[in-house]
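One structure below.
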Amino acid sequence: MDTAEANISTQQETPSSKFGPTVPVGRFAPSPSGRMHLGNIYAALLAWLSVKSQNGRMLMRIEDLDPRSARSEYAAQLLRDLEWLGLTWDGEVVYQHNRLEYYEAAFDELQQLGLLYPCFCTRAELHAASAPHASDNTPRYPGTCAHLSPAELAARTQLRSPAYRLRVPQAVYSAHDAVQGQIATHLAQCCGDFLVRRSDGVFAYQLVVCVDDAAMGVTDIVRGRDLLDSVPRQLYLQELLDLPHPRYAHVPLLVAPDGRRLAKRDRDLDMAALRERFKTPQALLGWLAYITGMVDVNEPLLATDLLQGFSWDAMCKRRHDIVIDGSLLFA
Ligand code: GLU
């Protein structure tokens with residue numbers, strides 16, 4: 001790292017300290033793109049345990065901005081499935097599709113800071129031009145559109161509508177994750193300028209999640225380890241938009257024996273199949289707690305039964321992905 005680079009650390013004990021002490025606030029933030037599967041249930045259970053074990057508030061936000069995948073019937077089903085599991089939330093459900101004006105305002109703020117530029121690269125061009133990013137498979141943006149001349153800009157605007165990227169600094173962003181430990185990313189080297197708005201006008205996940213978590217007063221973010229790489233980008237956006245930094249905990253993923261992450265296409269582990277097989281939330285939660293090492297015996301229990309023994313210290317010992325194979329299904 002050269003001396004001109006900043007080293008930005010955002011380890012904070014009290015995420016909302018600039019707004020005074022608050023009770024912990026967590027959130028569920030599901031994308032309604034299909035039925036929940038076992039991995040989603042595991043992450044939701046830990047998010048709920050984390051905040052409820054601290055007598056905090058749990059909020060619900062449906063991340064339904066992407067018209068290519070979000071369906072209102074999936075959102076309704078998600079809410080019913082979480083209620084069935086006893087993973088309750090406080091207050092009204094927040095839907096991102098109702099919040100476009102706030103994303104627009106944040107986008108304008110970044111625009112005024114002079115940090116956005118239009119990007120005309122296609123997905124194919126991006127993949128051809130850059131080495132894959134360390135682990136989340138987002139290619140590092142090589143800066144193709146970062147310095148277009150006014151003439152080039154005018155010519156490309158004729159051909160396609162642009163996406164918008166945020167310029168990143170030559171700086172390391174670091175944070176402490178309750179499960180994964182210390183993380184640090186050099187934004188320019190690892191990720192490059194990243195999307196805040198797609199070419200179809202849809203605001204990007206990184207931007208909206210920061211806007212929403214701050215607006216909802218979220219202090220504790222618990223989600224799957226697949227989103228760990230997003231943290232430095234989100235820290236940078238929080239800094240630019242003058243939003244508080246939450247605490248983070250990225251929990252292990254449940255993976256198939258070949259290392260593949262369980263996905264919505266693993267039908268035998270989606271909520272429809274699981275509800276059919278286990279019949280009661282107690283039976284399902286007891287088995288899930290058992291196969292993920294939270295309890296020593298497979299016996300029915302409620303989410304509330306796990307509150308007392310819950311601690312991130314215990315969770316830290318199990319930060320690796322958890323393999324779900326056929327034998328576990330019948331354990
Ligand atoms: N909506 C995202 C998902 O379902 C989660 C986003 C987040 O927790 O920040 O994967």
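Ligands are counted one by one from 1 in listed order, and the atoms in each one are counted from 1 as well.
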Using a strict 4.0 Å cut-off to heavy atoms of [X], name the atoms of ligand 1 that fall inside it.
X	value
Val209	9 (O)
Arg27	7 (C), 8 (O), 9 (O)
Arg223	7 (C), 8 (O), 9 (O)
Glu63	1 (N), 2 (C), 5 (C), 6 (C)

Axial cation check for Tyr102 ring with Arg99, 6.0 Å and 45° limits: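 Yes, a cation-pi geometry holds between Arg99 and Tyr102.
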
Stacked cation flag Arg160 on Phe120, 6.0 angstrom / 45 deg: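 Judged by the rule (NZ or CZ under 6.0 Å from the ring centre, within 45° of its axis), Arg160 is not positioned above Phe120.
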
Option from Gln282, Met271, Arg275 for which side chain to side chain contact (heavy atoms under 4.5 Å, CB included) with Leu85 holds: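 So, applying the side chain to side chain contact (heavy atoms under 4.5 Å, CB included) to Leu85 and each of Gln282, Met271, Arg275, only Met271 qualifies.
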
Min N/O separation Leu227 to ligand 1 under 3.5 Å: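 By distance alone, the answer is no.
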
Mutual orientation of the aromatic rings belonging to Tyr248 and His250 [parallel < 30°, tilted 30-60°, perpendicular > 60°]: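 It falls in the parallel class, under 30°.
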
Residue selection (non-hydrogen contact nearest atom 3 (C) of ligand 1) among Ser31, Pro32, Gly39: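 Nearest heavy atom to atom 3 (C) of ligand 1 lies in Ser31.
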
Nearest-0.5 Å distance, CG of residue Asp213 to CG of residue Leu237: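 Here the rounded value is 12.0 Å.
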
